[in-house]
Amino acid sequence: MNEFSINTKVYFGNDSLQKLSEIKNKRVMIVCDKFIETSGMAEKIVGKLYNCNTVIFSDIVPDPPVEIIAQGMQILKSVNAQIIIALGGGSSIDAAKAIKEYSKKLMNNEMQIEDFIAIPTTSGTGSEVTEYAVITNKAEGLKYALADKSLLPTIAILDPSLVTSVPKSITADTGMDVLTHALEAYVANGANDFTDALAEKAITLVFEYLPISYENGDNILAREKVHNASCIAGIAFNAAGLGITHSLAHAIGGKLHVPHGRSNAIILPLVIEYNADIKKDTFNKEYTIAAKKYQKIAKLLDLPASNVNIGVNSLIKAIRDLQRKLNIPTTFKSSVAERDVSESTKSDILNAAVKDICTKANPRKTDIDDLSAIFDKVIG
Ligand code: NAD
């Protein structure tokens, strides 16, 4: 028996923040980063609440470390919040999830949290609808994912006006994160008709609207479409799982501090080639399920796809073309200094990647040698 459910209520569109005006006479904790506070976005949210006692915890940083989660837990305890609002990119939403989850365990479920509201201000992670929170252990250089249904936000609000300020490079990186979520979910071991439908929609939205939102950040229609695509891809991968693009991106992010979406963008084309696993032997007409699904996506995007081989190659080329439009490099050479990639760092990265929660969901069974071959190509 299979199950597919969406447990988070999603409000979207221009007036979606209005949902917040239903919150009255509550103790509220807003979790965000310094930019979100100083840009006035946190204030905008406070302005929607009615007669609430609100505390803003704005110490979140990209790839949130456990120490900041611990600080957030102190604040949550002192405020005894009834509502948590996670406002920001994936880092703020994941940090808020971890603050809530660890506090719940520590306080033996004595907390009175009624709602956990996620309001993304980047269009990338889909964290507003996932049961994951990615946290960083700085001392060990490890990023690890907490996974539990209780991490699912109760409400997600997708207001496109909150993402018009995202600068070009972050628009590019986070947009490629959306594409990676959708493409990995589409071929992951847990994929099914429901997740495929969502992944297909997210992929077509990204190819159509990401270049527009990159070129013209004020184009509210393009911003809205990529914002929705991010959430749709989040629902897809939450149910289907991801793959080794993410396993490597998590491990590289933990050690070498490359933005998550950028890492995904660089690794994705190589993983598609690896998962498609097209044999050089032209007499061998056996194609993997993943290869056939990549061909399907190529057809959906109106790319040349008269056979599986051509379809897979067209898809890889289309991703490379999109990367070029978004000024994303094809290797880590410009983001990581050669001296930072010692043999022991590489070994740590590969060991973390092989154990990563996403590796199990990858359609092709993977070992450390395969990961090493992909790593060597992307590191440049
Ligand atoms: P982020 O949250 O780290 O933010 C990146 C930068 O963008 C920050 O400097 C932030 O201040 C800025 N920013 C955010 N909103 C902005 C806005 N509206 N205008 C201008 N600047 C803005 O980046 P992210 O890519 O959203 O999140 C990455 C994190 O999410 C990583 O830790 C990644 O591993 C994690 N992640 C989680 C999931 C999940 O399901 N929980 C999925 C994918 C990734």
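All ligand and atom numbering here is 1-based and tracks the order in the structure. The model shown is predicted, which means the values in this text are computed figures rather than measured ones.
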(request) Could you tell me whether F237 approaches ligand 1 through its side chain, its backbone, both or neither, with non-hydrogen atoms closer than 4.0 Å? (result) side chain
(request) Classify the contact between T125 and ligand 1 as side chain, backbone, both or neither, using a heavy-atom distance cut-off of under 4.0 Å. (result) both
(request) Determine whether I244 and D370 make a side-chain contact, defined as any pair of heavy atoms from C-beta on separated by less than 4.5 Å. (result) no
(message) Could you measure the distance from the CG atom of L158 to the CG atom of L17? Nearest 0.5 Å is fine.
(response) 10.0 Å
(request) Show which atoms of ligand 1 fall inside a sub-4.0 Å distance from at least one heavy-atom site of T122. (result) 14 (C), 15 (N), 26 (O)
(message) Using modelled atom types and a 3.5 Å cut-off, is there a donor and acceptor pairing between side-chain atoms of S58 and backbone atoms of C32?
(response) no
(message) A quick test of your reading: do over 12 heavy atoms of other residues, nucleotides or ligands sit less than 6.0 Å from CG of D367?
(response) yes
(request) Among all protein heavy atoms, pick the one closest to atom 5 (C) of ligand 1 and tell me residue, atom and distance. (result) I170 CD1, 4.5 Å
(request) Among all protein heavy atoms, pick out the one at the shortest distance from atom 9 (O) of ligand 1; state its residue, atom name and that distance to 0.1 Å. (result) P62 CG, 4.3 Å
(message) Tell me whether M41 reaches ligand 1 (any heavy atom closer than 4.0 angstrom to a ligand atom).
(response) yes
(request) Select one of side chain, backbone, both or neither to describe which atoms of V166 lie under 4.0 Å from any atom of ligand 1, heavy atoms only. (result) both
(request) Determine, for D348 against K346, whether the closest basic-nitrogen to carboxylate-oxygen distance falls under 4.0 angstrom. (result) no
(request) Assess H246 for proximity to ligand 1: is some non-hydrogen atom of it under 4.0 Å away? (result) no
(request) Could you list all the salt bridge (charged side-chain N to carboxylate O under 4.0 Å, His left out) pairs where at least one residue sits in residues 114-136, not counting sequence neighbours? (result) K26-E114, E131-K149
(message) Checking contacts here: is it the side chain or the backbone of K143 that comes within 4.0 Å of ligand 1, counting heavy atoms only? Could be both or neither.
(response) side chain
(request) Inspect the contact between D321 and K317 and indicate whether a charged nitrogen and a carboxylate oxygen are less than 4.0 angstrom apart. (result) yes
(request) Check whether any N or O atom of H250, backbone or side chain, sits under 3.5 Å from an N or O atom of ligand 1, and answer yes or no. (result) no
(message) Under a 3.5 Å threshold, yes or no: a donor from one side chain and an acceptor from the other, between T330 and Q323?
(response) no
(request) Provide, to 0.1 Å, the distance between atom 21 (N) of ligand 1 and the closest protein heavy atom, together with that atom's residue and name. (result) F35 CE2, 3.4 Å
(request) Identify, by atom number and element, the atoms of ligand 1 in contact range of S165, meaning under 4.0 Å from any of its heavy atoms. (result) 17 (C), 18 (N), 19 (N), 20 (C)
(request) Report, in ascending order of atom number, the atoms of ligand 1 lying under 4.0 Å from any heavy atom of V134. (result) 34 (O), 37 (C)
(request) Please could you name the atoms of ligand 1 that G89 approaches to less than 4.0 Å, counting only its heavy atoms? (result) 2 (O), 26 (O)
(message) Polar contacts were defined as any N/O atom of the residue lying under 3.5 Å from an N/O atom of the ligand; does this apply to V163 and ligand 1?
(response) no
(message) What protein heavy atom lies closest to atom 33 (C) of ligand 1? Include the residue and the distance to one decimal.
(response) H260 CG, 3.7 Å
(message) Between D177 and R262, does any NZ, NE, NH1 or NH2 come within less than 4.0 Å of an OD or OE carboxylate oxygen?
(response) no
(message) With heavy-atom distances below 4.0 Å as the criterion, list the atoms of ligand 1 near P167.
(response) 20 (C), 21 (N)
(message) Quick one: does any side-chain atom of Q112 pair with a main-chain N or O of Q82 as donor and acceptor, under 3.5 Å?
(response) no
(request) Specify the protein heavy atom at minimum distance from atom 40 (O) of ligand 1: its residue, its atom name, and the distance to 0.1 Å. (result) T130 OG1, 2.8 Å
(request) Please report which non-hydrogen protein atom sits nearest to atom 32 (O) of ligand 1, along with the residue it belongs to and the distance in Å to one decimal place. (result) D63 OD1, 3.0 Å
(request) Please identify which atoms of ligand 1 are closer than 4.0 Å to at least one heavy atom of L162. (result) 18 (N)
(message) Between T171 and R223, is there a side-chain donor-acceptor contact under 3.5 Å, judged purely by atom types and distance?
(response) yes
(message) Using a plain distance cutoff, I'd like to know if T174 has any nitrogen or oxygen under 3.5 Å from a nitrogen or oxygen of ligand 1.
(response) no
(request) Output yes when the distance from some N or O of ligand 1 to some N or O of D177 is under 3.5 Å, and no in every other case. (result) no
(message) Using modelled atom types and a 3.5 Å cut-off, is there a donor and acceptor pairing between side-chain atoms of T136 and backbone atoms of P65?
(response) no
(message) Determine whether a donor-acceptor pair (N or O, by modelled atom type, separation under 3.5 Å) exists between the side chain of K97 and the backbone of S127.
(response) yes
(request) Could you tell me whether atom 25 (O) of ligand 1 has a protein heavy atom closer than 4.0 Å? (result) yes
(message) Which residue is it: K293, E200, H181? I am looking for the one with a side-chain hydrogen bond (donor to acceptor under 3.5 Å, both in side chains) to Y186.
(response) E200
(request) Looking only at protein heavy atoms, identify the closest one to atom 37 (C) of ligand 1 and say how far it is in Å. (result) D94 OD2, 3.0 Å
(request) Could you walk me through whether S347 and S344 pass side chain to side chain donor-acceptor pair (under 3.5 Å), step by step? (result) CA-CA 5 Å; S347 157; S344 83; over 6 Å; no
(message) What protein heavy atom lies closest to atom 3 (O) of ligand 1? Include the residue and the distance to one decimal.
(response) S91 OG, 2.6 Å
(request) Compute the minimum heavy-atom distance from G234 to ligand 1 and say whether it is under 4.0 Å. (result) no
(request) Kindly compute the distance separating NE2 (H246) from SG (C358), expressed to the nearest 0.5 Å. (result) 6.0 Å
(message) Taking 4.0 Å as the limit for heavy-atom contacts, which would you say applies to N238 with ligand 1: side chain only, backbone only, both, or neither?
(response) neither
(message) Pairs of nitrogen or oxygen atoms closer than 3.5 Å, one from S92 and one from ligand 1: do any exist?
(response) no
(message) Using a 4.0 Å cut-off to any heavy atom of D33, which atoms of ligand 1 qualify?
(response) 8 (C), 10 (C), 11 (O)
(request) Report yes if the side chains of I289 and V187 come closer than 4.5 Å at any heavy-atom pair, otherwise no. (result) no
